[in-house]
2 protein chains.
Amino acid sequence: MSDLENVSLKLEALGYRVTPSRRAVIAAVLQQSDHFSVDDVLHRCRGAGRATVFRTIRLLTDLGVVCRLLLADGSLHYRVSQRGHHHHLVCTACGTVRDLDQCAISDLMRELSDAYGYEIEGHWLELYGRCSACRSAVAAEAR
Amino acid sequence: MSDLENVSLKLEALGYRVTPSRRAVIAAVLQQSDHFSVDDVLHRCRGAGRATVFRTIRLLTDLGVVCRLLLADGSLHYRVSQRGHHHHLVCTACGTVRDLDQCAISDLMRELSDAYGYEIEGHWLELYGRCSACRSAVAAEAR
DNA sequence: TGTCTCGTTGAGACCAAGTATCATGTCTGA
DNA sequence: TCAGACATGATACTTGGTCTCAACGAGACA
């Protein structure tokens, strides 16, 4: 079963209609190999209106099909999400993103919860750096 | 020496002029007991123009006098910063913010750096939850 | 078949946050 | 005194997103 059908079934199961516009947006989103902005999706499905694209992406975010990604410059992008809660490691040079295998700070949250008396409900963590490929490219140039 | 003078000296040391508009913005920022938006500052110093307020707050951010704070709803606020790099614990009920004493994930970053071959340059971490006061208020109501 | 309901649509107005531009004012150092 | 740099406020613009609204269309039901 394709990803598109998978997502369509998810939507239908929750009582949402799978309209041609929604299919177009979902297909455009699933085509993206890396992270993307709403604008990228808008360009890929000219037929669908701005509002529809925003609505559908929000829907996909709520469903966990895509996740939000805060870039180092503060702009908000999206990314197809293969798993549940996780974090990102963003290369500031080439822009590629790696998902971290699991939420790396659950222990930390327990600690903080005890130390400060907070009941921690959520968090936002993004890490920025240079991937090994970009580092070796820079090293090669320097030589 | 007051905080205002302190910041003024910092600015002057870096070659910036301390103009009446800048003083007004800095004073308005320092008056804020908790986090604030640019709009809050705009309301407090009517004399200064929008652009000047934005410019001055960016300057203060670069100087480390204020830090940026991402709220749970995604909106960007600012907060007077008493220390260097640190993170925030935001109460989603009453909105108060606690600074974490130190960067809590430096160990984690080393681990990830080794595991993924990234040279980690920066990160963004915000934690959201309910403070002990809000939790006990809810508990009292439930009784 | 007709019609009613309700989710969905696209267009476009609107909003908030921030930046760019520009004429003008002010400071500073020669 | 004067030129040049810095800073200003007003305002237009950009970006990213939401709201509104009339129209559409699928499904339920008589």
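Just so it is clear: chains get the letters A, B, ... in the order the sequence lines come, proteins before strands, and each one is counted from 1. This one's a predicted model, so the numbers in the text were calculated from it and none came from an experiment.
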Whole angstrom is fine here: how far is it from [atom1] in [X] over to [atom2] in [N]?
| X | N | atom1 | atom2 | answer |
| --- | --- | --- | --- | --- |
| B:L70 | C:dA17 | CG | P | 13 Å |
| A:R22 | C:dG10 | CZ | P | 10 Å |
| A:L14 | C:dT8 | CG | P | 11 Å |
| A:R58 | C:dT8 | CZ | P | 12 Å |
| B:D39 | C:dG18 | CG | P | 10 Å |
| A:I57 | D:dT18 | CD1 | C1' | 14 Å |
| A:H43 | D:dT15 | NE2 | C1' | 13 Å |
| B:R23 | D:dA7 | CZ | P | 15 Å |

**Request:** For B:S37 and for A:G49, find the nucleotide of DNA chain C with the closest heavy atom, then tell me which residue's nucleotide is more 5'.
**Result:**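 With B:S37 and A:G49 compared, the 5'-side residue is A:G49.
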**Prompt:** Looking at A:E119 and B:R135, does any basic side-chain N land under 4.0 Å from a carboxylate oxygen?
**Reply:**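 Yes, this pair counts.
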**Item:** Side chain A:T52, main chain A:A48, donor-acceptor under 3.5 Å
**Value:**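 Absent.
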**Request:** Keeping the roles fixed (side chain from A:S113, backbone from A:Y118), state whether a donor-acceptor pair exists under 3.5 Å.
**Result:**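 At least one qualifying donor-acceptor pair exists.
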Between side-chain atoms of residues 61-80 of chain A and protein atoms elsewhere (two or more places apart, or another chain), which donor-acceptor pairs fall under 3.5 Å?
unit_1, atom_1, unit_2, atom_2, d
A:T61, OG1, A:I57, O, 2.7
A:D73, OD1, A:S75, N, 2.9
A:D73, OD1, A:S75, OG, 2.8
A:H77, ND1, A:H35, ND1, 3.0
A:R79, NE, A:D99, OD1, 3.0
A:R79, NH1, A:D34, OD1, 2.8
A:R79, NH2, A:V97, O, 3.4
A:R79, NH2, A:D99, OD1, 3.3

**Request:** State whether the distance check finds a donor on one side and an acceptor on the other, under 3.5 Å, for side chain B:R50 versus base D:dG9.
**Result:**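 Answer is no: no donor-acceptor pair is held.
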Atom pair [atom1] ([X]) and [atom2] ([Y]), whose distance is rounded to the nearest 0.5 Å:
| X | Y | atom1 | atom2 | value |
| --- | --- | --- | --- | --- |
| B:M109 | A:L89 | CE | CG | 10.5 Å |
| A:Q31 | A:D40 | CD | CG | 12.0 Å |
| A:I120 | B:C91 | CD1 | SG | 11.5 Å |

**Prompt:** Mind checking whether B:R50 and B:R55 have side chains closer than 4.5 Å, heavy atoms only?
**Reply:**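 No, every pair of side-chain atoms sits at 4.5 Å or beyond.
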**Message:** Testing the basics here: between B:A133 and B:S136, what is the closest heavy-atom pair and its distance to 0.1 Å?
**Reply:**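 Closest heavy-atom pair between B:A133 and B:S136: O-OG, 3.1 Å.
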Distances under 3.5 Å between protein N/O atoms and the N/O atoms of nucleotides 22-30 of chain C, please, pair by pair.
none

**Asked** Reckon B:Y78 has a side-chain N or O less than 4.0 Å from the OP1 or OP2 of C:dG18?
**Response**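 Yes, because at least one side-chain N or O of B:Y78 sits under 4.0 Å from OP1 or OP2 of C:dG18.
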**Prompt:** Of all the nucleotides listed (C:dG18, D:dG9, C:dT9), which has the minimum atom distance to the side chain of A:S21?
**Reply:**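 Of all the options, the side chain of A:S21 is nearest to C:dT9.
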**Request:** Output the single nucleotide from C:dG10, D:dG17, D:dG9 whose closest atom is nearest the side chain of B:T52.
**Result:**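 Minimum distance to the B:T52 side chain belongs to D:dG9.
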**Request:** Describe, as an angle rounded to 10 degrees, how the axis at the first end of the helix from C:dT1-D:dA30 to C:dA30-D:dT1 is tilted relative to the axis at the last end, five pairs per end.
**Result:**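 The angle separating the two end axes equals 0°.
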**Comparing A:S75 and B:G47 on DNA chain D - which has the more 5′ nearest nucleotide** =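 Nearest-nucleotide comparison on DNA chain D picks B:G47.
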**Request:** Please check if B:L59 and B:L4 belong to a single hydrophobic cluster, counting links between Ile, Leu, Val, Met, Phe, Trp and Tyr side chain heavy atoms closer than 4.5 Å.
**Result:**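 Yes; B:L4 is reachable from B:L59 via cluster members.
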**Request:** For A:T19, answer base if it contacts any base atom (sugar-phosphate contacts may also be present), sugar-phosphate if it contacts only those atoms, and nothing otherwise; contact means non-hydrogen atoms under 4.0 Å.
**Result:**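 The residue A:T19 makes sugar-phosphate contact but no base contact.
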